[in-house]
Protein chains: 2
Amino acid sequence: MMKGPNSYYISKYKLPLDEYFTFGLSVDCVIFGYQEGEIKVLLVQRSLEPFKDQWALIGDLVEPDQNLCDAANNVLERLTGLKNIYMKQFFAFGNVDRHPLDRVVTVGYFSLVNSLNYNPIASSWAKSAKWFNINDLPELAFDHCTILQKGIETLKNEVRHKPTGFELLPLKFTLLELQLLYEALLGCKFDKSNFRKKILEMNILKPLNETKENVSHRPAKLFKYDVERYKKLEEEGFSFQL
Amino acid sequence: MMKGPNSYYISKYKLPLDEYFTFGLSVDCVIFGYQEGEIKVLLVQRSLEPFKDQWALIGDLVEPDQNLCDAANNVLERLTGLKNIYMKQFFAFGNVDRHPLDRVVTVGYFSLVNSLNYNPIASSWAKSAKWFNINDLPELAFDHCTILQKGIETLKNEVRHKPTGFELLPLKFTLLELQLLYEALLGCKFDKSNFRKKILEMNILKPLNETKENVSHRPAKLFKYDVERYKKLEEEGFSFQL
DNA sequence: TGTACTTATAGTATTTTTAACTTTAAGCAT
DNA sequence: ATGCTTAAAGTTAAAAATACTATAAGTACA
């Protein structure tokens, strides 16, 4: 691709047209996980200036011939090796001074991963990667604190109305595990019996003929989230609500 | 501001660093209004190529030293003369091919205006401006159809959970007017008595000692939306729901 | 083998909310 | 004064949310 500012733009602009095509564009990913009953977010420690050694969201400049969402998926894959992960754009951050040296507008994406047993790949711009509890975060580089908070807010809002939360669980899970996840996400307690009833009545869980193993008490049935069923129900007007 | 790509970027990039700073950035505004019981959107007819004579959202390139939201407010003000209007960013559109000639990433904002009695200002890039029913839209330039639909979706979603809808009404309104607005927004019917009860119990409306005039039947009381009260209630955990 | 313990699962009762409908009141017009 | 229209308040029945109770099914250990 070799395009440049075109002459059809009208002459009202204050600056030469070239100067309107000087924006840098980046994506930043808030990668959520779920571990030991807590919602976590994956951060990297920068190995470069500016903000060297500080924790930051993982992100990168977008290539001139790259779609925004592809850039975001790329960043995630480079760090975690994971593909085809649930991902959602939540906000564009475009204040003039958000980047100390250049004019870079960044678009925030969040993704939800369930398998935490992979190695975050250390790369040239990051010394290390680490999961942090979303209620106990370090100081962050750039305006990443703002971005992260907005991401958390969006996630918490989304999981109420859409069955997005399941992405944080392994494929097979028990009803109690699901309940604990939602308690962590929404910061509230549910009555066990009622939660069970409510979620089962939605008919979006497929019961498996398997039970949890290696537990020292009665093992619970395992369930699977049935995306197909949900989509069908959604078309018929059903709306998820917890 | 005269910044340029800085040397702290690492060398993994495929292209010379300069070429990452060639993005154009624009904002596009979906301006909603409410007239004769219908939700409207303000569109302009382009007077320039590309897409000359076609209807489009109103938008513009962002200045290199301008915040995103300021750019959006500017666009609205230039077209309508209105300041301090409710405005909300809803999505960034960044596909490579969304603009036929340049790489321009655009950020969508929507705003809600109530006073429809002003003159949309014809400008150098727009022949005319016109309100369209959101259920009866013309063909649109660029990817503005996608942008507009996403804006409508976001608005419809937002008005359920936040008292944003009031922005579409005049300062003083009757309960029936409010009901009709929400019926238009959500595409459903409410029971008059129940709607009334529900909204009044929220305690976010301030009853005025005035009534609707020039009606050939019993005039209804006028109410005002009480933002302060809502904000206080919100802090206490109240959440708007219709 | 059986008893204690833990969690799963099912069921019931109570309260609260939602939804549908009815009644009365208030103003305008003739 | 009568009829018409809409405002505004009240009533009732159904449904949903919530709190609570009872039973079942497995493990662990004496």
Side-chain angles (χ1 to χ4, degrees), chain A residues 36-37 159-161 163 169-170 172-225 233 236-242, chain B residues 36-37 159-161 163 169-170 172-225 233 236-242:
Chain A
E36 296 148 21
V159 294
R160 280 177 194 281
H161 311 295
L169 288 178
K172 302 171 179 184
F173 51 85
T174 71
L175 294 180
L176 186 57
E177 284 166 351
L178 183 64
Q179 180 182 340
L180 293 174
L181 168 69
Y182 271 93
E183 289 182 347
L185 278 169
L186 304 177
C188 65
K189 290 277 172 191
F190 290 102
D191 177 275
K192 204 167 148 187
S193 186
N194 296 332
F195 180 85
R196 213 186 143 70
K197 220 182 298 172
K198 194 165 182 178
I199 199 87
L200 285 178
E201 272 171 4
M202 287 185 193
N203 257 303
I204 55 172
L205 295 189
K206 187 185 282 175
L208 301 171
N209 283 327
E210 299 176 58
T211 54
K212 197 83 187 170
E213 298 190 357
N214 296 320
V215 286
S216 69
H217 56 268
R218 174 178 177 183
K221 266 188 201 154
L222 288 170
F223 289 82
K224 214 177 105 179
Y225 167 50
L233 289 171
E236 296 165 10
F238 164 77
S239 91
F240 183 88
Q241 183 88 0
L242 260 184
Chain B
E36 296 148 24
V159 293
R160 280 177 194 282
H161 312 294
L169 288 178
K172 302 171 179 183
F173 51 85
T174 70
L175 295 179
L176 186 57
E177 284 166 351
L178 183 64
Q179 180 182 341
L180 293 174
L181 168 69
Y182 270 93
E183 289 182 346
L185 278 170
L186 303 177
C188 65
K189 290 277 172 191
F190 290 101
D191 177 274
K192 203 166 149 187
S193 187
N194 296 332
F195 180 85
R196 214 185 142 70
K197 222 181 296 170
K198 195 164 182 178
I199 199 87
L200 285 178
E201 272 171 4
M202 288 184 191
N203 258 304
I204 56 172
L205 295 188
K206 187 186 283 175
L208 302 171
N209 284 325
E210 298 177 59
T211 54
K212 197 81 188 171
E213 297 191 356
N214 296 319
V215 285
S216 68
H217 55 270
R218 174 178 178 182
K221 266 188 201 153
L222 289 171
F223 289 82
K224 214 177 105 179
Y225 167 51
L233 289 172
E236 296 166 9
F238 164 78
S239 90
F240 182 89
Q241 183 89 359
L242 260 183

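Chain letters run A, B, ... following the sequence lines, proteins first, then strands; residues in each count from 1.
Both A/Pro219 and B/Ala220 lie close to DNA chain D; mapped to their nearest nucleotides by heavy-atom distance, the more 5′-ward contact belongs to B/Ala220. Between A/Arg218 and A/Glu201, the residue anchored nearer the 5' end of DNA chain D, judged by the nucleotide with its closest heavy atom, is A/Glu201.
Closest approach of A/Leu233 and A/Met202 over heavy atoms only: CD1-O, 3.3 Å. Across B/Glu177 and B/Thr174, no two heavy atoms sit closer than the pair OE1-N, 2.9 Å.
Taking atom CD1 of residue B/Ile199 and atom P of nucleotide D/dA9, one finds them 15 Å apart after rounding to whole Å. Atom CG in B/Asn194 sits roughly 12 Å away from atom C1' in C/dT22 (whole-Å rounding). One atom, NZ of B/Lys192, and another, P of D/dA9, lie 12 Å apart when rounded to the nearest Å. The nearest whole Å value for the distance from the NZ atom in B/Lys198 to the P atom in C/dT16 is 18 Å. Atom NE2 in A/His217 sits roughly 15 Å away from atom P in D/dC29 (whole-Å rounding). Rounded to whole angstrom, the span from the CG atom of B/Asp191 across to the P atom of D/dT12 amounts to 16 Å. When the C1' atom of D/dA9 is taken as reference, atom CZ of B/Arg196 falls 8 Å away, rounded to whole Å. We find that CZ of A/Phe190 is positioned 12 Å from P of D/dA19, with the value rounded to whole Å.
Nucleic acid contact class of B/Leu175 (heavy atoms, under 4.0 Å, all strands): none. Contacts of A/Ser193 with the nucleic acid, taken as non-hydrogen atoms under 4.0 Å apart, include base atoms.
Remark: B/Leu180 CG to B/Phe195 CZ distance equals 8.5 Å, nearest 0.5 Å. Between the NZ atom of B/Lys212 and the NE2 atom of B/His217 there is a distance of 9.5 Å, given to the nearest 0.5 Å.
When the nucleotides C/dT7, D/dA19, C/dC21 are ranked by their closest atom to the side chain of A/Lys197, D/dA19 comes out on top.
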